[in-house]
Undergrad: 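A single structure is presented below for examination.
Just so you know, residue 1 is the first one in the sequence shown, and it goes up from there. Everything quoted here is computed from the prediction, not taken from an experiment.
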Amino acid sequence: MSNLEISNVLVIGATGGIGRSMTDLIQVKYPGVNIIGTTRSIPKNHNGISLIELDVTNTSDWENLSLKLADLNIKFDLIISCIGILEYGNYLPEKSLRTVDFDKITKIFQINTISALMLGKHCFKFLNPKTPSVVAFLSAMVGSIGENEIGGWHSYRASKTALNMIVKNMAIELARNRKPTKLLSIHPGTTESNLSNKYLKGVKHKVWDTAGTANNILEILINNDPFESGDFVNWDGRSIAW
């Protein structure tokens with residue numbers, strides 16, 4: 001399934017930092033490709049792609065997205081979910097069990113994890129049934145149980161770990177149904193964005209801007225032959241421990 005050919009792309013979270021850069025990059029590298037994006041609210045200024053409003057925590061929004069995609073009568077070769085949150089309002093990543101808040105953690109799981117299942121339920125039927133396609137979800141290195149040595153950040157870590165399991169489960173189900181689709185969880189690398197900016201002080205490893213991150217991700221998606229469906233992959237192409 002290497003050297004993926006794309007005609008239609010769906011980007012969940014297309015107006016966020018990485019999502020916006022992904023759509024910009026695809027437009028430059030693949031002129032003429034049809035891109036459909038989702039966003040919580042459609043901005044006045046965007047990059048010219050077709051946008052559909054979607055609050056991923058709202059069931060009726062997912063159903064509405066499904067209806068609108070059905071009306072378009074297209075099949076996607078590439079679906080990328082670029083959504084995710086580290087904080088919720090004034091609720092910061094937990095450094096102690098004392099700070100755990102049930103309602104806030106539930107919201108983080110809705111966005112980081114359950115949205116993947118909703119995407120599968122409502123959008124996988126629009127994947128190209130005959131030619132190879134790829135679906136990618138932005139995960140995180142801190143979602144690796146094997147890599148966890150310092151603890152903390154309970155909701156973010158656990159929501160990304162659960163996301164990886166969901167991606168693996170969906171990959172198995174699609175394979176059983178003989179769908180020519182490869183699913184991947186991808187750690188995008190540390191990226192300058194609204195999600196991470198306040199946590200970058202003191203970071204010693206490479207920090208990417210969103211354009212660099214988008215380029216790394218797209219390289220993996222287009223040249224995906226080394227990976228099995230359901231894999232957890234780093235931005236540089238190496239596998240990450242579960």
Undergrad: Under a 4.0 Å threshold between the charged nitrogen and the carboxylate oxygen, would Asp103 count as salt-bridged to Lys107?
TA: no

Undergrad: Between CG of Leu10 and CD1 of Ile79, what distance do you get to the nearest 0.5 Å?
TA: 5.0 Å

Undergrad: Would Leu183 and Phe124 count as a side chain to side chain contact (heavy atoms under 4.5 Å, CB included) if you check the C-alpha gap in whole Å, the side-chain angles of each, and the deciding distance to 0.1 Å?
TA: CA-CA 11 Å; Leu183 274 61; Phe124 281 6; 4.0 Å; yes

Undergrad: Consider only side-chain N and O atoms of Thr210 and Thr191, and report whether a donor and an acceptor are under 3.5 Å apart.
TA: no

Undergrad: Minimum heavy-atom separation for Ser229 to Ala171, with atom names?
TA: OG-CB, 3.2 Å

Undergrad: Below 4.5 Å, heavy atoms only, C-beta onward: do Tyr88 and Ile105 meet side chain to side chain?
TA: no

Undergrad: Under a 3.5 Å cutoff, is there a donor and acceptor pairing between the side chains of Glu173 and Asn169?
TA: no

Undergrad: Is any side-chain heavy atom of Met22 less than 4.5 Å from a side-chain heavy atom of Leu218?
TA: yes

Undergrad: Measuring from Ser133:OG to Asn224:CG, what's the distance to the nearest 0.5 Å?
TA: 9.5 Å

Undergrad: Does one hydrophobic cluster hold both Ile172 and Phe232, with members joined at side-chain heavy-atom distances below 4.5 Å?
TA: no

Undergrad: Counting C-beta onward and ignoring hydrogens, is there a side-chain heavy-atom pair between Ile52 and Leu69 closer than 4.5 Å?
TA: yes

Undergrad: Is there a side-chain contact between Tyr30 and Leu25 (heavy atoms, below 4.5 Å)?
TA: no

Undergrad: Roughly how far, to the nearest 0.5 Å, is CD1 of Ile222 from CD1 of Ile6?
TA: 4.5 Å

Undergrad: Among Leu86, Leu138, Ile85, which residue satisfies the side chain to side chain contact (heavy atoms under 4.5 Å, CB included) criterion with Asn112?
TA: Ile85

Undergrad: Closest approach of Tyr91 and Val100, non-hydrogen atoms and distance?
TA: OH-CA, 3.4 Å

Undergrad: Do you know which of Thr57, Thr59, Asn58 makes side chain to side chain donor-acceptor pair (under 3.5 Å) with Asp55?
TA: Thr57

Undergrad: Indicate, with yes or no, if Trp242 and Leu184 share a hydrophobic cluster defined by side-chain heavy-atom contacts under 4.5 Å among Ile, Leu, Val, Met, Phe, Trp and Tyr.
TA: no

Undergrad: With a 4.5 Å limit on heavy-atom distance, are the side chains of Ile166 and Phe137 in contact?
TA: no

Undergrad: In terms of hydrophobic clusters joined by side-chain contacts under 4.5 Å, are Met165 and Ile111 together?
TA: no

Undergrad: So how far is it from Ser7 OG to Ile74 CD1, rounded to the nearest 0.5 Å?
TA: 10.0 Å

Undergrad: Atom CD1 in Ile220, atom CG in Asp225: separation rounded to 0.5 Å?
TA: 13.5 Å

Undergrad: Going by distance alone, is a donor N or O of one side chain under 3.5 Å from an acceptor N or O of the other, for Asn164 and Ser185?
TA: yes

